[in-house]
Amino acid sequence: VTGGPLRRAVAVLGHVPGDRFAGLVLAALAAAMVWETRKLPLGTLAGPGAGYWPLVLALALGALGLVIAWRGGASAALAALGWDEAPHAAAILAALAGAALLLERLGYRLTVIGLVAFLLGAVERKPPLVVAAVALGLALGSYFVFADMLKVPLPRGPFGY
Amino acid sequence: VWETLQNLSLGFSVALSPAVLAYAVAGCVIGTLVGVLPGVGPLAGISLLLPATFGLNPTIAIVLLAGIYYGAMYGGSTTSILMRIPGEAASVMTCIDGYAMTQKGRAGAALAIAALGSFAAGTLSVVGLMLLAPPLASIALRFGPPEFTALLVLGLLALAAMSGGAMAKTLAMAALGLLLGTVGIDAMSGFFRFHYGLVELGDGIGIVPVAVGLFGVSEILLTAGAARPPEVRQPRLAELMPSREELKQSVGPVGRGTLLGFLVGIVPGSAHIVSSFLSYAVERRLSKRPEEFGRGAVAGLAGPESANNAAACGAFVPMLALGVPSGPIPAVMLAALMVHGVAPGPLLIDQQPALFWGFIASMYVGNLVLLVLNLPLVGLFVQMLRVPYPYFYPAILVFCLLGVYAVNQSVVDLWIMVGTAIAGYGLRKLGFEVAPIVLGLVLSPMIELSLRQSLALSSGSYLIFFERPIAAMMLAVAAALLALGLVPRLARGGWRRTLGLDAERPAEE
C-alpha cells in the first residue's frame with residue numbers, strides 16, 4: 001500500500017502536458033499573490049498605493065499562466081521531458097540547503113568541507129582519500145583567497161573555522 | 001570630434017595605468033575561464049565575483065567586471081567550437097557551424113576566425129559606444145518619469161518579442177521577475193511588502209542570489225546527472241591559421257554581425273543572445289550557398305560570434321548613458337556600480353569623466369588582450385575542460401555559496417538562491433527562458449517609481465504618457481512589438497522564424 005497513491009498521482013501527473021502544468025502553477029502562484037496583496041493599501045487608479053503594482057503584476061501573471069495552460073495542450077507530457085538527472089539534482093539541492101543551514105553555525109571552512117565531502121563521497125562515490133584532499137583543498141584554498149587576500153567577510157563559526 | 005579624442009586620451013591615461021591595466025587583463029582571463037566553463041556563464045560569473053570588487057575603487061571594479069563580461073563572450077566560443085557545448089547562451093549559434101568545422105578538421109581555423117571576428121566586433125563597437133553614449137546621455141537629461149516609464153516598458157516588451165520561444169512564456173517570466181521586484185520597502189510609501197517577518201528583505205530580493213540560482217546552480221542541477229561527459233578535441237597551434245579563402249568568407253559576416261549586434265545591443269532585452277540568432281539568420285539568407293549552413297559554413301560562425309561581442313558592447317550604451325540596464329548582465333553591473341557609490345545615468349559622463357572614458361579605453365585594451373591571450377591559451381583552456389565534471393561542479397557550488405553569501409553576509413540570500421535554483425531547474429526543464437526574471441527583478445522598482453511619479457505629476461491622469469511625444473513614441477513601439485508577438489499568424493512561421501528567433505537549437509538537430 002505504501003507509496004501506492006503517490007505513485008498513481010505521479011503517473012497521472014506524468015501524462016499532463018508540460019506547458020499546461022507550468023501555466024496552471026503560474027496561475028496558482030498569481031492567485032496566491034493576489035490574495036497576499038489584500039494586506040496592502042491599493043490606493044486608486046490615479047494615486048496608486050503600495051499594493052497596486054503587485055496586484056497588476058499578479059493579475060498579468062495569472063492571465064499569462066492561463067494563456068500558457070490553454071495553448072499548452074499539444075506540448076510534451078511531463079513524463080516525456082526525461083527526469084533521469086532528478087535524483088542527482090535533489091541530492092545536490094539537499095547538500096546546498098544543508099550548507100545554507102550550517103554556514104553561520106559551523107563556519108565557512110567546516111561547512112564547505114562537509115558540502116564537498118558529501119557531494120564527492122556520497123553522491124559521486126569517489127575514493128575517500130581523493131574526497132578528503134579535494135574538500136580540504138577547496139575549503140582552505142577558497143578561504144585563503146577570498147577571506148585572507150581579498151578581505152571578503154566569511155563566517156568563522158564557534159570553532160574558529 | 002576633437003573633444004572626443006581629448007576625452008579618449010584621458011581614458012587611455014586611466015586605462016594604461018598599471019593597476020587598471022592589470023585588472024583589465026585579470027578580468028579578461030577570468031572572463032574567458034567563466035565563458036569556457038559550462039554551467040557558469042557571464043551572469044553567474046559576474047555575480048559571483050562581485051564581492052571581490054568591494055575593496056577596489058569604482059573605476060577598477062567596473063573595468064574588472066567589464067573584462068569578465070566580454071572575456072566570457074569570447075571564451076564561450078571555445079567550448080562551442082570544440083565540444084558543441086555553449087559555455088553561455090549567446091554561443092548557441094556558434095555551436096552549429098563551429099563544431100561542424102571541428103568535425104571537418106578545421107577546429108584551429110574556427111577558433112581563429114571566432115577570435116578575430118570577436119576582436120574586430122569588440123573594437124568597432126567600442127567606437128560606437130564612445131560616439132553614441134554622450135549624445136544619448138544629453139538627450140536623456142530631458143527625460144522625465146513618463147519617458148522613463150515608457151522606456152522601461154519598451155525594454156521589457158522588446159525582450160519578450162526578441163526572445164526565442166513563445167512570447168506568452170517570456171512575458172510570464174518577466175511578470176514573475178517584476179513581481180519578485182515588489183518585495184521589500186515601497187520607495188514611495190515606506191510600506192514593507194511581502195516580508196514574512198524577514199527584515200533582510202527590506203531592500204528587496206537581491207539580484208545576485210536570483211541570478212546565481214537561476215543560471216549557475218540550475219545549470220549544475222540539469223547537467224551534473226548527465227550520463228556521459230562530452231568528448232574534448234584539442235587543436236594543434238599550427239592549425240590555428242585560417243586559409244585565405246576562409247578569411248575572405250568571414251569579412252562580410254563580421255562587418256554585418258558587428259553592425260547588427262551593436263544595434264540590437266542598444267535595445268533593451270537579452271541582446272547578446274538575440275543578436276547571434278539574428279546574425280545567423282541574416283547570413284543564411286544572404287548566402288549564395290545556404291545549404292552549407294550547419295555543415296561548417298564560415299559565415300555561420302563569423303557572423304554570430306561578431307554579433308554577440310558587438311551586442312555585449314552595445315548593451316553598455318543605455319546602461320552608462322541612461323542608467324537603464326538593457327539586460328540581466330548590465331543589470332548586475334549597474335548594481336555593482338551602485339555598491340561603489342556611482343550612479344550611472346546621464347550625469348555620469350560629466351561627473352565622472354575618468355571612470356567613463358577610462359572604462360571605454362579599457363575596452364580597447366581588453367579586446368587586444370583577449371586576442372593576444374586567447375589563441376595561444378586555447379590548449380590550456382581545453383585541458384581544464386578535461387577535469388571530470390563530478391570534481392568540477394562541487395567547486396562551482398562552493399563559489400556560488402561564497403559569492404552569494406558575501407554580498408550581504410546573509411543566509412536569507414542563500415535560501416533565495418536555493419529557491420530560485422529549484423525554480424530555474426523546473427522552468428528550464430519546461431522550456432521557459434529565465435533571463436526575463438532577472439531583468440524584471442531589476443526593472444520593477446524603477447518602473448513602479450516612475451509610473452507613480454508620472455501620475456503624481458499629472459494629478460492622476462494616464463494621458464501624460466500619450467501627451468509627451470517621446471513617451472508616446474516609445475509606447476507605440478512597445479505596443480507594436482506586443483501586437484507582432486501576439487498575432488498568431490505573424491508569430492507562427494512569420495517574422496520571428498525569418499529572423500531566426502524560432503530557429504532550431506543545435507541540440508535538437
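Within residues 139-147 of chain A, the residues having any heavy atom less than 4.5 Å from a heavy atom of chain B are, in residue-number order, Ser142(A), Phe146(A). The interface of residues 36-43 of chain A with chain B, defined by heavy-atom distances below 4.5 Å, comprises Glu36(A), Thr37(A), Lys39(A), Leu40(A), Pro41(A).
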I'd like to know whether Lys429(B) forms a side chain to side chain contact (heavy atoms under 4.5 Å, CB included) with Glu85(A), so could you lay out the CA-CA distance, the side-chain angles of the two residues, the decisive distance to 0.1 Å, and finally the verdict.
CA-CA 11 Å; Lys429(B) 202 82 190 157; Glu85(A) 80 293 339; 2.8 Å; yes
Test Leu26(A) against Phe432(B) for side chain to side chain contact (heavy atoms under 4.5 Å, CB included), laying out the working first.
CA-CA 12 Å; Leu26(A) 288 173; Phe432(B) 284 78; 4.0 Å; yes
Would you please test Val116(A) and Tyr391(B) for side chain to side chain contact (heavy atoms under 4.5 Å, CB included) and show each step?
CA-CA 9 Å; Val116(A) 177; Tyr391(B) 289 105; over 6 Å; no
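By number of non-hydrogen pairs under 4.5 angstrom with chain A, the leading residue of Ala187(B), Cys400(B), Ser444(B) is Ser444(B).
For the pair Gln409(B) and Glu104(A), the tightest heavy-atom approach, listed with the atom from each and the gap, is O-OE2, 3.8 Å. Of all heavy-atom pairs between Leu401(B) and Val112(A), the closest is CD2-CG2, 4.3 Å. Residues Ala168(B) and Ile68(A) approach most closely at O-CD1, 3.8 Å, considering heavy atoms.
Residue pairs that meet the salt bridge (Lys or Arg N to Asp or Glu O under 4.0 Å) test with at least one member in residues 171-196 of chain B, sequence neighbours left out, are Asp186(B)-Arg452(B), Arg193(B)-Glu448(B).
Remark: Val25(A) engages Phe21(A) in a side chain to side chain contact (heavy atoms under 4.5 Å, CB included) (not counting sequence neighbours).
Residue contact with chain B, scored on non-hydrogen atoms closer than 4.5 Å, involves the backbone and the side chain of Ala86(A) alike. Looking at Leu179(B), the atoms closer than 4.5 Å to chain A (heavy atoms on both sides) sit in the backbone and in the side chain alike. Using a 4.5 Å cut-off between heavy atoms, Leu427(B) does not touch chain A at all.
Checking each of Leu221(B), Leu414(B), Leu397(B) against Leu96(A) for a side-chain contact (heavy atoms from CB on, under 4.5 Å) leaves exactly one that passes, namely Leu397(B).
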